[in-house]
Amino acid sequence: MSSARVFAVVPLALAALALSGCSSWGCTDTTAERGTPGARVQVVDTDGRPLGVTAVVVDWRLRPHPQVPAEGDHVDFRFRFDGADEDARFAVDACAVDKERVALGCDLVEASQAFGPAADPHTGDVWLAVEHPERVVGVLFIPNDQFYDRRTCAVDAKDGGGVHPPERPDRGDQL
């Protein structure tokens, strides 16, 4: 094989290895930045690009959960995912917050929960347990899609890595 052919083939082979995940540079995990929470948010991927779906808090209220009334008031909120259908695979965090937007209780809400045998078949219903229900002033969605999180480098050094969704919110987090 002539040296000209070798020089033409080597860069192609190296590019194929790099694109397949086999490279000497190693695996890197990064975390996406948390988007701005709101009662109506466009769901975004790990690069911050809109996915064509809007998560909306329809309404909320405080009342005892029918299955555990002795626990006192919980946050009962209704929501929908505009632009999604019943097979949609999106999930965002929802948090009950106080007047300073401190999370009092959070849970993951999947778009598929908004479809089913309800008075409005495109609206879901979720209950959030909170320590201080009297401090709740609203429910906010965090726009980052949490549905798909690729494997980490620690789990799969060859095919893992890349950008992961932001950390899930906890009670006490400032949103």
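Atoms considered below: every heavy atom in the structure, side chains included; atoms not considered: hydrogens, waters and symmetry mates.
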Under 3.5 Å, which donor-acceptor pairs link side chains of residues 51-62 to any protein atom two or more places apart or in another chain?
| from | atom 1 | to | atom 2 | distance (Å) |
| --- | --- | --- | --- | --- |
| D59 | OD1 | R78 | NE | 3.1 |
| D59 | OD2 | R78 | NE | 3.2 |
| D59 | OD2 | R78 | NH2 | 3.1 |

Practice task
Give a yes or no on whether L140 and F77 share a hydrophobic cluster (residues Ile, Leu, Val, Met, Phe, Trp, Tyr; joining criterion: side-chain heavy atoms under 4.5 Å apart).
Solution key: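 No.
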Problem - Partner of L175 by side-chain contact (heavy atoms from CB on, under 4.5 Å), out of V102, V97, D93 - result: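 Of the listed residues V102, V97, D93, the side-chain contact (heavy atoms from CB on, under 4.5 Å) partner of L175 is V97.
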Practice task
Calculate, to the nearest 0.5 Å, the distance between atoms OG1 and NE2 belonging to T152 and H164 respectively.
Solution key: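 Going from OG1 on T152 over to NE2 on H164, the span is 6.0 Å.
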Exercise for the section: Enter the distance from H122:NE2 to D85:CG here, rounded to the nearest 0.5 Å. Expected result: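 Rounded to the nearest 0.5 Å, the NE2-CG separation comes to 10.0 Å.
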Determine whether more than 12 heavy atoms belonging to other residues, nucleotides or ligands lie under 6.0 Å from atom [atom1] of [X].
{"X": "R89", "atom1": "CZ", "value": "no"}
{"X": "Q174", "atom1": "CD", "value": "yes"}
{"X": "E134", "atom1": "CD", "value": "yes"}

Practice task
Can you label the angle between the H74 ring and the W127 ring as parallel, tilted or perpendicular, going by 30° and 60°?
Solution key: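 If you compare the ring of H74 with that of W127, the planes turn out perpendicular.
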Exercise for the section: Anything under 30° is parallel, anything over 60° is perpendicular, the rest tilted; go ahead and classify F79 against F81. Expected result: perpendicular
Problem - Basic-acidic side-chain contact under 4.0 Å: R80, D82 - result: yes
Handout entry: D45 side chain near D145 side chain, heavy-atom distance below 4.5 Å
Key =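 They are not in side-chain contact.
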